[in-house]
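Reviewing the structure listed below.
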Amino acid sequence: MPCTVIVGAFWGDEGKGKIISYLALKDKLDFCVRTGSVNAAHTVWKDGKKFALHMVPAGFLYDKCRLLISAGANIHVGQFFKEMELTQVESSRVGIDQMASIIEEKHSIQDQQSAVNKGIGTTGWGVGPALEERVRRTAKLAKDIPELKPFLTDGIMEVNDGLDAGKKVLLEGTQGFMLSLFLSGDYPYVTGRDTGASAIASEAGVGPTRVDDVMIVYKSFITRVGGGPLPGEISKEEAIKRGWFETAAGTGRDRRSAPFDFDLAKKNAKINGATQAAMTKLDCLFPKCNAVRQFEDLPSEAKDFIREVEVRTGVPITLIGTGPDALDIIDRRT
Ligand code: IMP
Ligand code: MG
């Protein structure tokens with residue numbers, strides 16, 4: 001804080017939604033700025049109810065947090081209004097940068113009909129085709145959509161003025177670093193944008209010198225949906241046995257899984273300039289950790305794992321997720 005970037009360490013689905021919702025509540029965030037697009041679902045639990053958010057920022061749980069969708073983002077108008085209804089967020093809390101672009105039905109159709117995209121295993125939402133159109137400079141922008149008029153704002157200035165005034169700002173990265181169009185090395189098995197920390201700040205219109213912290217979010221095991229390499233991948237049967245089997249929050253597809261990769265964790269912390277890390281789902285690796293909220297109360301093998309990750313990545317793990325609720329967290333920041 002005051003300006004923190006949240007970046008996914010691996011192929012997405014690290015549990016960023018949970019970490020962001022915790023930080024919003026605990027740190028009383030003034031702004032939560034969502035980047036990216038509708039392909040990424042951030043899961044947030046509130047009072048036993050699950051929200052899979054594709055558009056509304058995951059900081060919505062804290063009712064004084066201003067929720068912005070960034071200039072670099074890509075708005076799915078139908079999904080946005082669906083989530084406004086679902087979350088019952090007051091409209092006055094939400095701002096859409098007037099320059100955010102629009103993803104349309106035709107983009108989803110194009111995505112789903114493309115043989116190349118089938119091979120990559122895209123989510124089918126049409127983010128790649130929508131971004132292609134933006135690059136061609138023929139895309140619609142938020143300011144061109146009458147229904148969005150009440151939400152339009154200059155999000156870039158709001159967030160920069162907020163930082164000038166010492167407000168607490170969280171820049172909500174989506175997906176994972178290994179899906180970066182430019183930086184991951186998995187091309188073409190990547191998404192249509194750069195998902196790294198610098199790009200998250202850039203999409204929000206925040207210059208690199210204004211960022212105070214980069215929090216990289218690890219999960220205690222690794223998952224990937226869609227095609228492309230996954231080092232150390234285990235079978236679905238084995239994943240079920242270990243309690244690691246997941247299905248995608250957005251598309252319902254099976255997630256592939258693999259054990260935690262220390263070398264990749266270190267490399268990605270370095271490239272993203274991580275100053276802190278979060279580790280989610282520690283209770284999936286060590287069931288006795290479930291709902292534990294003090295580091296001292298963790299079983300020794302869980303403490304050893306956390307310490308090993310810290311030693312091997314060189315990054316302090318300040319937040320540890322031990323269950324689905326936003327408050328199932330060990331907070332070691334103070
Ligand atoms: P696209 O982003 O829909 O074009 O999909 C490109 C690749 O990124 C595919 O392998 C998708 O499964 C993956 N992907 C995109 N968004 C997410 C996400 O939020 N979580 C996990 N994987 C994703
Ligand atoms: Mg997700």
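Positions are given from 1, in the same order as the sequence printed here. Both ligands and their constituent atoms are indexed starting at 1 by order of listing.
In summary, no N, O or S atom of Ala248 is located under 2.8 Å from the Mg ion (ligand 2).
In summary, the atoms of ligand 1 found under 4.0 Å from a heavy atom of Ile120, numbered by their order in the structure, are 10 (O). Residue contact check: Thr123 has heavy atoms under 4.0 Å from atoms 1 (P), 3 (O), 5 (O), 15 (C), 16 (N) of ligand 1. Atoms of ligand 1 lying under 4.0 Å from any heavy atom of Trp11, numbered from 1 in the order shown and given with element: 21 (C), 22 (N). Of all atoms in ligand 1, numbered sequentially from 1 with element shown, those under 4.0 Å from a heavy atom of Gly121 are 9 (C), 10 (O), 11 (C), 12 (O).
At least one heavy atom of Arg253 lies less than 4.0 angstrom from ligand 1. Under a 4.0 Å heavy-atom criterion, Trp125 is not in contact with ligand 1. Ligand 1 has Val190 within reach: a non-hydrogen atom of the residue lies less than 4.0 Å from it.
Protein heavy atom in closest approach to atom 2 (O) of ligand 1: Thr191 OG1, 2.5 Å. Scanning all protein heavy atoms for the shortest distance to atom 15 (C) of ligand 1 gives Gln175 NE2, 3.3 Å. Looking at atom 14 (N) of ligand 1, its nearest protein heavy atom turns out to be Leu179 CD1, 3.6 Å. Annotation: atom 22 (N) of ligand 1 to nearest protein heavy atom, Val225 CG2, 3.4 Å. In this structure, atom 19 (O) of ligand 1 lies nearest to the protein heavy atom Ala40 CA, 3.1 Å. The protein heavy atom nearest to atom 20 (N) of ligand 1 is Asp13 OD2, 3.2 Å.
Side chain to side chain, Asp194 and Ser180 meet the donor-acceptor criterion of an N or O pair below 3.5 Å. At a cut-off of 3.5 Å, with distance as the only test, no side-chain donor of Asp328 or Trp45 sits close to an acceptor on the other residue. Checking Thr322 against Asp283 by side-chain atom types alone, no donor-acceptor pair falls below 3.5 Å. Judged by distance alone, the side chains of Thr318 and Gln276 do bring a donor and an acceptor atom under 3.5 Å apart.
Between Thr122 and ligand 1, not a single N/O pair is under 3.5 Å apart. Looking at ligand 1, you won't find any N or O of Asp111 less than 3.5 Å from one of its N or O atoms. Between Asn39 and ligand 1, at least one N/O pair is under 3.5 Å apart.
In summary, of the residues considered (Thr223, Asp13, Thr247), a side chain to side chain donor-acceptor pair (under 3.5 Å) with Arg255 occurs for Asp13 alone. With Asp27 as reference, Arg333 is the one residue of Lys64, Arg333, Lys168 to meet the salt bridge (charged side-chain N to carboxylate O under 4.0 Å, His left out) rule.
Heavy atoms of Val127 found under 4.0 angstrom from ligand 1: none, in either backbone or side chain.
For Asp13, the N/O/S atom at the shortest distance from the Mg ion (ligand 2) is named OD1.
Side-chain N or O atoms of Glu83 include one that pairs as donor or acceptor with a backbone N or O of Met55 at under 3.5 Å. A donor-acceptor distance shorter than 3.5 angstrom exists from the side chain of Ser108 to the backbone of Trp125, with no hydrogens or angles considered.
Here Asp164 pairs with Arg210 in a salt bridge; the nearest charged N to carboxylate O distance falls below 4.0 Å.
In this structure, CG in Asp213 is found 4.5 Å from OG1 in Thr4, a value given to the nearest 0.5 Å.
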Intermediate values then yes/no, side chain to side chain contact (heavy atoms under 4.5 Å, CB included), His54 and His76
CA-CA 9 Å; His54 297 255; His76 189 291; over 6 Å; no
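In terms of heavy-atom proximity, Phe177 sits nearest to Ala9 at CB-O, 4.0 Å.
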